[in-house]
Protein chains: 4
Amino acid sequence: MGADATRRHHGNRHGRSEQARLAVLEAADDLLVEKGFAGVTIEAIAAGAGVAKQTIYRWWSTKTDILLDAFLQDAAEDLPVPDHGDVGRDLRGYLRHLAYFLTRSDAGAVLRALLGHAQHDSAFAAVLRARFLDEQHDRDRLAIERAVRRGQLPADVDIAAEVDQLVGPIYYRALVTASAIDEDFTDRLVDAFLRRVGLTTNGDRPSGVNGRAELS
Amino acid sequence: MGADATRRHHGNRHGRSEQARLAVLEAADDLLVEKGFAGVTIEAIAAGAGVAKQTIYRWWSTKTDILLDAFLQDAAEDLPVPDHGDVGRDLRGYLRHLAYFLTRSDAGAVLRALLGHAQHDSAFAAVLRARFLDEQHDRDRLAIERAVRRGQLPADVDIAAEVDQLVGPIYYRALVTASAIDEDFTDRLVDAFLRRVGLTTNGDRPSGVNGRAELS
Amino acid sequence: MGADATRRHHGNRHGRSEQARLAVLEAADDLLVEKGFAGVTIEAIAAGAGVAKQTIYRWWSTKTDILLDAFLQDAAEDLPVPDHGDVGRDLRGYLRHLAYFLTRSDAGAVLRALLGHAQHDSAFAAVLRARFLDEQHDRDRLAIERAVRRGQLPADVDIAAEVDQLVGPIYYRALVTASAIDEDFTDRLVDAFLRRVGLTTNGDRPSGVNGRAELS
Amino acid sequence: MGADATRRHHGNRHGRSEQARLAVLEAADDLLVEKGFAGVTIEAIAAGAGVAKQTIYRWWSTKTDILLDAFLQDAAEDLPVPDHGDVGRDLRGYLRHLAYFLTRSDAGAVLRALLGHAQHDSAFAAVLRARFLDEQHDRDRLAIERAVRRGQLPADVDIAAEVDQLVGPIYYRALVTASAIDEDFTDRLVDAFLRRVGLTTNGDRPSGVNGRAELS
DNA sequence: CCCTAATCGAGACGGTACGTCGTGTCTTTCG
DNA sequence: CGAAAGACACGACGTACCGTCTCGATTAGGG
């Protein structure tokens, strides 16, 4: 890459400028974090990215499209589902991570903003579901599905309903009450789940120390 | 004289025009339902209410302030907590009603829009909590608190955590997945709760017919 | 009059409040001098005078009406026509004073503002003429008329045309070029007039010292 | 291409739209003539010109800026100074034209409005002087300067003072008294001037005798 | 090895909505 | 019944972004 900062890409007959694309996504992300959703304007993104407005409109329709792209770029694989062969342990780790992601990470802030916008624009809500939420929902089911496949859980578990009982309270706290989500809370969700499906917890729940360790 | 339509309130020394206030709230509500959140502009509200913009700015700061007022005006007491002396029955009725309110009523649509905006504006989020969500959260706890007071439930129930497990999944479906919330789902949440706190369900859950009856 | 400043006149069933009238006129004048014409608003006058807007509208129609009243109140008799029995001397004194009045006095600033507004509003122009300019024009003629009556000047002098040649250049400089008007200039106007009507000037024009003396 | 009415200029990298510029100036002019100065609002200009408000604010600061531009566009060369080789004849023609221009032409109406506004806004007054009045003042001097150069007039004529005595009364009548200005009046101004500078005005006979004789 | 067409930067354009200010009208309450 | 207080409908202000458009420069691939 040229060391000359003024030496910029100025068009290319075949295909778009990757440089411009990344600059736009980063500028949008930065604006959201620094100025909030209202500070994310196409003009501010263009200025921040050193890009012409038309270049943005050529590739995106709305600012939320950009934010969604930026979010997917950064955070797509941010929520791996642990696989230790034990549903309880897997879910505990997963929910802790989910809570952290939603309430404390930059990517989570973007997602909350997108979910907020989805309440105002059902077309965007559909896009958000198609491009992220559905896939995320699949990830949410994964630990349980694996356990069913392993025979650890009965095959007639209503996975959809169980998943919503596991993640629903976390989203609720993240989006509605904005209250803290500690590991006690997420662990308790898992315990309740395990009891519902007939797996007793082994007495004491893992201490915070263990939980911390699993997070890393 | 009072019936004369041209006889309008045009200001007076002591206090605002109730007529203007109500017209604004109704116009805002109508716009949200008819044109969506983006259609709610101060100018459109003013035009729809037959009111000057300045009159709006005199009493409200933002359009979401207006929507919140409109929401509180209409829906404050829309979610009564049933009190049959039986936690299970009370909660089943309450959650069914909550699900209906959130996903199917006009007021619920306003609330979803406000929650969406709260994701973009933390100052507004605080206001929304102070003026509605906290109070609503108290309502959510009520059935359980009554049961504890009656001795139906042990005194050491972690009400906060239990409530979030009851209502969290409902908000989650309303705000995130936009999937349907049938009575099976809400009833299942109550059953899980009852089992958690050591009250066994009486075998069959009430049929939809009973549920309907309780709703009315 | 009560020493209590908060003790104000609050209505009276017999006629208007002279106190309010004077406060309005003074406030308008002050605003013009301090903030310029754009700073003269009915609201600012009301605030400055400690008077209700309606009280102003009860007695005046426009802010220029107020300024005109204020102007007439203060400056009506500010331009006495000297009468020494000598046209030349009278005119020289008068024009010097006129130039000073137009370009340097506060009242002159108000008059210039009113003349400016008259260019934008022919109805006001008519009012301004009726209430001040016509009378002023009469004053402008006075020295010459007296001289004619005294026989100092021939009876067939076209007074209107002569007056306009005397005062026109002064207004022109005050309103258009904004250039300084010294006594040389006004004296020269008088000299030209005297020569036109057949009166030779007495050689040397009076020095500035004499002029000053005549002004006071 | 040019005949297609929908073919509009919509911005371009290098410079502004001439079409928009002219539409604005014309709309402003039309508004002044039809509705008067108070009818000239930025919004009305924008509407009348079929132009966005921001396009106006991009290039002008105030409505009087626009009017000044419109005035200069139309009327810059509206006042040619005749050059017949005879001061008297030149001045008579010039002053007649000036009087007509100030009191009867549309451009004169604009100028009177601008001079009116200049009384309210000294910053604008300076601009008006810089962009028109100074140049106009030069034009006013031109006939006399030529005559001096020709030797028709003595070199020590105080041109500034003479010019103000010539045009001052005309501006005075146009701006202050709003009385008619016939050719008798303007001719009389010229006659007075000629007598002041020592040229007799009896008919067309040039009093070049003095000038020429003194020259040789 | 140049030609040429897609893409880039820049930025003016027609618009919509913003939040503010001043106008002139009206109502209430006080003295 | 006049005055203070101040809410009201109205209309213009000047600003911020929107999404569209033109323009000249840039750049790779196909002729």
Side-chain angles (χ1 to χ4, degrees), chain A residues 7-17 19-20 38 40-47 49-59 61-63, chain B residues 7-17 19-21 38 41-44 46 49-59 61-63, chain C residues 7-17 19-20 38 40-44 46 49-59 61-63, chain D residues 7-17 19-21 38 40-46 49-59 61-63:
Chain A
R7 191 70 185 76
R8 302 289 300 276
H9 185 278
H10 269 266
N12 166 340
R13 178 173 182 183
H14 302 286
R16 67 195 285 192
S17 159
Q19 186 179 351
V40 182
T41 66
I42 299 278
E43 301 216 322
I45 294 171
V51 143
K53 264 202 302 180
Q54 189 54 46
T55 300
I56 295 182
Y57 282 109
R58 216 190 316 276
W59 304 108
S61 326
T62 64
K63 70 176 185 177
Chain B
R7 190 75 179 68
R8 303 280 301 276
H9 184 281
H10 278 267
N12 89 38
R13 180 174 189 178
H14 298 291
R16 64 196 286 192
S17 161
Q19 188 178 350
R21 194 185 133 261
T41 64
I42 300 278
E43 302 220 320
V51 142
K53 258 199 306 180
Q54 190 55 50
T55 298
I56 295 183
Y57 283 109
R58 215 190 318 278
W59 303 108
S61 326
T62 64
K63 68 177 186 174
Chain C
R7 189 66 185 78
R8 300 287 301 276
H9 185 276
H10 271 264
N12 156 353
R13 68 187 288 189
H14 305 290
R16 70 193 284 191
S17 158
Q19 185 179 352
V40 183
T41 66
I42 300 278
E43 301 213 324
V51 143
K53 264 201 303 178
Q54 190 54 45
T55 300
I56 295 182
Y57 283 110
R58 216 188 316 275
W59 304 108
S61 325
T62 64
K63 67 177 185 176
Chain D
R7 189 74 181 70
R8 303 280 301 276
H9 185 282
H10 278 268
N12 91 37
R13 181 172 189 177
H14 300 291
R16 63 197 287 191
S17 161
Q19 188 177 352
R21 194 185 133 262
V40 183
T41 65
I42 301 278
E43 301 220 321
I45 294 171
V51 141
K53 257 200 304 181
Q54 191 54 51
T55 297
I56 295 182
Y57 284 109
R58 215 189 317 277
W59 303 108
S61 323
T62 64
K63 68 177 186 176

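This is a predicted model, so every value here is computed, not measured. Order of the sequence lines fixes the chain letters, A, B, ..., with proteins taken first and strands second; residue numbering starts at 1 for each chain.
- Residue B/Trp59 places none of its side-chain N or O atoms closer than 4.0 Å to OP1 or OP2 of F/dA7.
- Within the 4.0 Å cut-off from OP1 or OP2 of F/dA4, at least one side-chain nitrogen or oxygen of C/Thr55 is found.
- For D/Gln19 and F/dT22, the CD to P distance is 12 Å, given to the nearest whole Å.
- Here the side chain of A/Ile42 is nearest to one of E/dG14, F/dC18, F/dC8, namely F/dC18.
- Put simply, CZ on C/Arg58 and OG1 on C/Thr55 are 5.0 Å apart, with the number rounded to the nearest 0.5 Å.
- A cation-pi arrangement is present between A/Arg16 and A/Trp59 under the rule of less than 6.0 angstrom and at most 45 degrees off the ring axis.
- A donor and an acceptor atom sit less than 3.5 Å apart, one in the side chain of B/Lys53 and one in the base of E/dG19.
- In this entry the distance linking OH of B/Tyr57 with P of F/dA7 reads 18 Å, nearest Å.
- Here the nucleotide nearest the side chain of C/Glu43, chosen from E/dT23, F/dA12, F/dA9, is E/dT23.
- Here the P atom of nucleotide E/dG22 and the CD1 atom of C/Ile56 are 13 Å apart, to the nearest Å.
- The distance from atom CZ of D/Arg16 to atom P of E/dG14 is 11 Å, rounded to the nearest whole Å.
- The distance between atom NZ of B/Lys63 and atom P of E/dA17, rounded to the nearest whole Å, is 10 Å.
- When the nucleotides E/dG24, F/dA4, E/dC13 are ranked by their closest atom to the side chain of C/Ala52, F/dA4 comes out on top.
- Computed from coordinates, the A/Ile45 CD1 to F/dC18 C1' distance equals 13 Å when rounded to whole Å.
- Here the closest non-hydrogen pair linking D/Ala46 and D/Ala52 is CB-C, 4.4 Å.
- Counting atom types as modelled, A/Gln54 pairs no side-chain N or O with a base atom of E/dC8 as donor and acceptor under 3.5 Å.
- Of the side-chain N and O atoms in B/Arg58, one or more sit less than 4.0 angstrom from OP1 or OP2 of F/dC8.
- Heavy-atom nearest nucleotides on DNA chain F were determined for A/Ala38 and for B/Ala20, and the one closer to the 5' end corresponds to B/Ala20.
- Nearest heavy-atom pair, D/Ile42 versus D/Thr62, reported as atom, atom and distance to 0.1 Å: CD1-C, 4.4 Å.
- Distances shorter than 4.0 Å separate none of the side-chain N or O atoms of C/Thr41 from OP1 or OP2 on E/dG22.
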